[in-house]
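Structure record follows, encoded as structure tokens.
By convention here, the first residue in the shown sequence is residue 1.
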Amino acid sequence: LNVGMDWADSAAANRLRQILEGLKMFQQIAWQNQHPGQPNPFQDLVVQASDRRVQLQLNTPYSALEPGSTPGARTTRS
């Protein structure tokens, strides 16, 4: 996953970067609490800001994100 977002100015881009970094920290804490000792498929998320651009990069194998590939994951069928 590679996402780039352009903002009106560098201050707005930096604020978004800080928010995304905070969300990343919360996700990591929640993962550790719910799946202790298991690898976090979102651990390698990279959040960067350069001038007016915020960039997100995630290099996780798709199989690690599939339902049922992580402990406690549930799938529903209709």
Side-chain angles (χ1 to χ4, degrees):
L1 174 68
N2 189 3
V3 177
M5 298 170 274
D6 292 316
W7 291 85
D9 55 44
S10 60
N14 193 46
R15 283 191 300 273
L16 177 64
R17 182 197 57 77
Q18 290 175 336
I19 290 168
L20 292 172
E21 287 286 353
L23 288 172
K24 178 182 173 183
M25 287 174 37
F26 282 123
Q27 188 277 335
Q28 290 174 353
I29 292 168
W31 183 270
Q32 290 171 359
N33 287 332
Q34 293 178 355
H35 309 286
Q38 299 297 318
N40 183 344
F42 301 101
Q43 183 68 37
D44 294 329
L45 177 68
V46 176
V47 180
Q48 297 175 328
S50 176
D51 193 29
R52 298 181 318 124
R53 188 166 184 82
V54 176
Q55 190 79 24
L56 299 174
Q57 293 177 309
L58 179 62
N59 295 319
T60 299
Y62 184 74
S63 61
L65 303 175
E66 291 177 329
S69 65
T70 57
R74 295 184 184 137
T75 57
T76 57
R77 298 183 192 255
S78 22

Within residues 4-13 or reaching into it, pairs that qualify as side-chain hydrogen bond (donor to acceptor under 3.5 Å, both in side chains) - sequence neighbours excluded: D6-R53
Partners of N33 by side chain to side chain contact (heavy atoms under 4.5 Å, CB included), sequence neighbours excluded? I29
Pick out which of Q28, H35, Q32 makes a side chain to side chain contact (heavy atoms under 4.5 Å, CB included) with N40. Q28
Where do A13 and A49 come nearest, in terms of heavy atoms and distance? O-CB, 4.2 Å
Quick check for you: to the nearest 0.5 Å, what is the distance between L1 atom CG and L45 atom CG? 8.0 Å
Got L58 and L56 here, is their nearest side-chain heavy-atom distance under 4.5 Å? no
What's the verdict on side chain to side chain contact (heavy atoms under 4.5 Å, CB included) for Q27 and L23, showing C-alpha distance, side-chain angles and the deciding distance? CA-CA 6 Å; Q27 188 277 335; L23 288 172; over 6 Å; no
Backbone N/O of Q38 and side chain of W31: donor-acceptor pair under 3.5 Å: yes
Among residues two or more places apart or on two chains, list those pairs meeting salt bridge (Lys or Arg N to Asp or Glu O under 4.0 Å) that have a residue in residues 37-52. none
With Q57 via side chain to side chain contact (heavy atoms under 4.5 Å, CB included) - residues at least two apart: N2, V46, Q48, Q55
Cluster overlap F26 with V47, hydrophobic side-chain contacts below 4.5 Å: no
If a pair satisfies salt bridge (Lys or Arg N to Asp or Glu O under 4.0 Å) and one of its residues is in residues 16-27, list it, with sequence neighbours excluded. none
